[in-house]
Structures are given as structure tokens and as C-alpha cells.
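Working notes for the structure below.
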Amino acid sequence: MTTDNTTPPRTMTWVGGTDGYLRLIDQTKLPVEFVELECRTVEEVWQAIKQLSVRGAPAIGVAAAYGTVIGLQSAVNATPEEFDARRREVTEYLASSRPTAVNLFWALNRLNRLAETLADLTPAQQLERLLEEAREIEEEDREMCAAIGRHGADLLADGTGVLTHCNAGGLATAGDGTALSVIFAAAAQGKTLQVYADETRPLLQGARLTTWELQQRGVPATLICDSMAGWAMKEGRISAVITGADRIAANGDAANKIGTYSVALLAKAHGIPFYVAAPSSTFDLELATGADIPIEQRAPEEVTHGFGKQTAPDGIGVYNPAFDVTPAELIEAIVTERGLIRPVTAEQVAATLAAGASA
Ligand SMILES: CSC[C@H]1O[C@H](OP(=O)(O)O)[C@H](O)[C@@H]1O
């Protein structure tokens, strides 16, 4: 619930039936404007993911699932062969939107695997079933967020100063978030927390989105520049760090927003536990380690012209990786909907994910 006891706005909502559309909060406009986009073509969904109107690994997966349904609407009266060809075209197109968050590929693969079992149905019947699966993916994510909160809340003691990086809140998921779900759950236990939110350059998800969510929920929050995290730790303001993740390898190495690795090193240097919160849909067990996690490189203008103001000379070279990888040995525990992965080892990852039933 928000401070005025209302339910927080949903990151996205499917409107209608198989001929419906996806309505989503345009996160590039927050926190100054609350604007919702109506995506009625797969190109609009692709663009919304690419430009971070919808962002955050789980939210990207849910949006891509609904985007697949939208992309198939034009083929609902085609032959089964044409419908299948269109599905492969649409899912490959959506997969090209962003490379790092594995939830995107996990959702698309889930729909494709389901479709392969529906060959006896007409395209219209298949589309009904694919929409049902997209709705299921959304609902499961909501439930995983809640379970992550339950499993992680006890990690944060009353009076904790918690640092978080980027936004791993409700806006990044279909539910209450991952890292923020742990914070919301701990606050709901009556604990007093002081959250320090890294602004998270260059796109400022922390400054724009995490602070907005925490204010909505009445959780005390302080905004800091990314460069202030180490000093805040040195001053004793921080006693725990928790972030989200976009792709976690089989050994527990975790890709997350650029700057997370630096924060994890700072936490280690100050003896502060560094936690990652993520659902099982964020794990990529085909990767033994984080060495091969694809890191998205984004446009130089995000650094030199952030939100319309030029802050660097024309022609300067820019390096703008959107993610980095934190090695498992820097992570105290990974909070999943199936419990804590601690210690963070390949064996513990496998054991926890095999636990199956969400708590
Ligand atoms: C709950 S996943 C959130 C995760 O996604 C963010 O990346 P982006 O804003 O580029 O989609 C960031 O890495 C967050 O930790």
C-alpha cells in the first residue's frame, strides 16, 4: 500500500482479450510526469523496452510475453504454418531489444515451447492460450516478488541503513520488486529502515524511480550520488546493501546495473553484507560463470546529454556499458522466491533452484 493507503500503480496492464493491447507506465517520464503508453504493435513494445519506458529484468520478460501476443494478432486468420512463422519472427524481433536481462529470453522461450505443443489448435485458439500464458507469467512474477520479500525481510534488522543501486522495485517487475520487495517486507514488519538510494548514472533509475517508489510507500529514503556510496559506508551510515539482478550465472555471478560491482567491492572493504534479490527467472544456468553474460552497450548521448543537457564536449569518446558483473564471492546471499542462496556457490544455486515450489 502507498502512504495514502492506495495500491501502487501497476507497471503494466493487459487491456482486453486477444485483440487487446498493453498499457504501461512510461518510466522515462517519472518522477515528474505519470504517463501511460498504450502499445498496440510489437514495434511499440520493442521500442518501449529499448528506450526503457518499461525496464527491469522481470518487467521486460512480462512485456515481451504480451508483445508476442500483440505481434501475432495480425496472423490470427493466417494458416497454421504462417502463424508459426510469424511467431518465430515476432519472438526473434523482441529478443533483439536488449541483450542482458535473461528474463526477456526466458519469457519468449516459454511462449515458444508452449506454442510447439499447440499444433492441433487453430491460430485463434493458440493465441488465446498464449495470452493465458502471458497472464500467468505476470501473475507468477507478482507472487515471486512477494516470496522474495518474505524470504529476505529478516536480513534487514530494525534501524538498518540500507544502500540500494538502480531500481529493483515494483517498476522493474509485475509485483513489489525484488530488492525493494525485501525492504517493503522488512518495513511491514514494523522495522525502521533508512534507505540510501544511489542515483545510478547515467539514466538515474535510483534518483528518478527508487526514491519515487519509496516515497509512495512511506519508507524513509535519502538520495546520494553514486560516488558517495563509499563515504556513506565509511561514516557508518550503511549496514546492508541490496540490489536486483538482470542475469545470474550457475555459479552465482550476477549481472546488474553498471556500478553494482563497485558497490559490492566497497561493501566488502567495509565488512558490509551485499545481497542480491532475484527470482528464479533471472538465472541462466547455461552459463557456468558470469564471464559470458552479454553486457549491453548503450548510446554515448545517455552520458553526454543526460535528460537534455549537454555535459561533455562534442566528439568526446564515451564508454557506456549498461551493466557489470559482480562475482559470487562478493555476494553474501541471493534472495530468491525459493529461499536464500547462501553461501553463493554453484552447488547452493542448484540446490535452491531445485527446491521447486515457491514459498
Ligand atoms: C528487478 S531487475 C532490476 C534491474 O534492472 C535494471 O536495469 P535497467 O534499468 O537497465 O532495465 C537494473 O539492473 C536493476 O537492478
Side-chain angles (χ1 to χ4, degrees), residues 11-12 24-28 30 48-64 97-107 138 140-142 144-149 152 163-184 197-210 212-213 226 241-248 253-264 274-284 290 293-299 302-303 306 320-326 331 334-337:
T11 303
M12 69 193 89
L24 49 82
I25 297 173
D26 183 351
Q27 297 186 37
T28 65
L30 289 174
I49 294 171
K50 182 69 176 180
Q51 67 190 28
L52 280 74
S53 291
V54 60
R55 44 142 303 277
I60 290 171
V62 176
S97 55
R98 295 184 76 189
T100 304
V102 71
N103 308 62
L104 170 64
F105 310 96
W106 168 84
E138 179 184 10
E140 282 175 13
D141 187 68
R142 196 168 293 123
M144 287 195 280
C145 289
I148 287 169
L163 176 73
T164 190
H165 190 76
C166 199
N167 171 258
L171 288 169
T173 68
D176 251 3
T178 56
L180 290 198
S181 182
V182 171
I183 290 171
F184 293 145
D198 271 353
E199 63 175 354
T200 316
R201 277 187 56 79
L203 295 181
L204 308 179
Q205 289 93 325
R208 297 185 299 111
L209 307 177
T210 295
W212 183 76
E213 287 199 54
D226 302 337
V241 180
I242 189 162
T243 75
D246 292 83
R247 190 182 302 223
I248 302 173
D253 292 348
N256 197 54
K257 183 54 50 199
I258 189 70
T260 303
Y261 173 54
S262 308
V263 168
F274 177 88
Y275 301 113
V276 170
S280 50
S281 51
T282 300
F283 285 76
D284 181 353
I293 295 178
I295 300 297
E296 180 183 15
Q297 303 298 320
R298 292 187 64 89
E302 292 181 352
V303 177
N320 184 19
F323 300 95
D324 56 28
V325 177
T326 297
I331 304 172
I334 300 176
V335 188
T336 77
E337 78 279 8

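One-based numbering, in listed order, for ligands and for the atoms of each.
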For G56, take its heavy atoms, then give the atoms of ligand 1 lying under 4.0 Å from any of them.
3 (C), 5 (O), 11 (O)
At less than 4.0 angstrom from any non-hydrogen atom of T178, what atoms of ligand 1 do you find?
1 (C)
Applying a 4.0 Å heavy-atom criterion (strictly less than), which segment of H165 is in contact with ligand 1: side chain, backbone, both, or neither?
neither
Residues pairing under side-chain hydrogen bond (donor to acceptor under 3.5 Å, both in side chains) where one sits in residues 49-59, two or more places apart or in two chains, turn out to be D26-S53, Q27-R55, Q47-Q51, Q51-S53, R55-N167
Could you establish whether A322 and ligand 1 come within less than 4.0 Å of each other, counting only heavy atoms on the residue side?
no
Look at ligand 1 and say whether T100 reaches it with a heavy atom at a distance under 4.0 Å.
no
Looking at side-chain heavy atoms only, is the closest gap between I248 and V276 below 4.5 Å?
yes
Is the contact between A245 and ligand 1 made by the side chain, the backbone, both, or neither, using heavy atoms and a 4.0 Å cut-off?
backbone
Ligand 1-proximal atoms of T282, by part, heavy-atom distance under 4.0 Å:
neither
Ligand 1 and D246, any nitrogen or oxygen pair closer than 3.5 angstrom?
yes
Working to the nearest 0.5 angstrom, can you tell me the gap between D176 CG and L171 CG?
11.0 Å
Measure the distances from the heavy atoms of R98 to every atom of ligand 1 and state whether one is below 4.0 angstrom.
yes
Could you measure the distance from the CD1 atom of I60 to the CG atom of D246? Nearest 0.5 Å is fine.
7.0 Å
Contact between I293 and D284 at the side-chain level, heavy atoms closer than 4.5 Å - yes or no?
no
Counting distance only, does the side-chain N/O of T243 pair as donor-acceptor with the main-chain N or O of A179 below 3.5 Å?
no
When you compare ligand 1 with A168, is there at least one nitrogen or oxygen pair between them that comes in under 3.5 angstrom?
no
For A322, which residues count as a side-chain contact (heavy atoms from CB on, under 4.5 Å) partner, sequence neighbours excluded?
K257, E296, R298
Using a 4.0 Å cutoff against the non-hydrogen atoms of N256, which atoms of ligand 1 qualify?
4 (C), 12 (C), 13 (O), 14 (C), 15 (O)
Counting from 1 in the order shown, the ligand 1 atoms closer than 4.0 Å to a non-hydrogen atom of P58 are 1 (C), 2 (S)
For ligand 1, is any non-hydrogen atom under 4.0 Å from Q205's backbone (N, CA, C, O), its side chain (CB onward), both, or neither?
side chain
Could you check whether any side-chain N or O of R247 sits under 3.5 Å from a backbone N or O of A57, counting only pairs where one atom can act as donor and the other as acceptor?
no
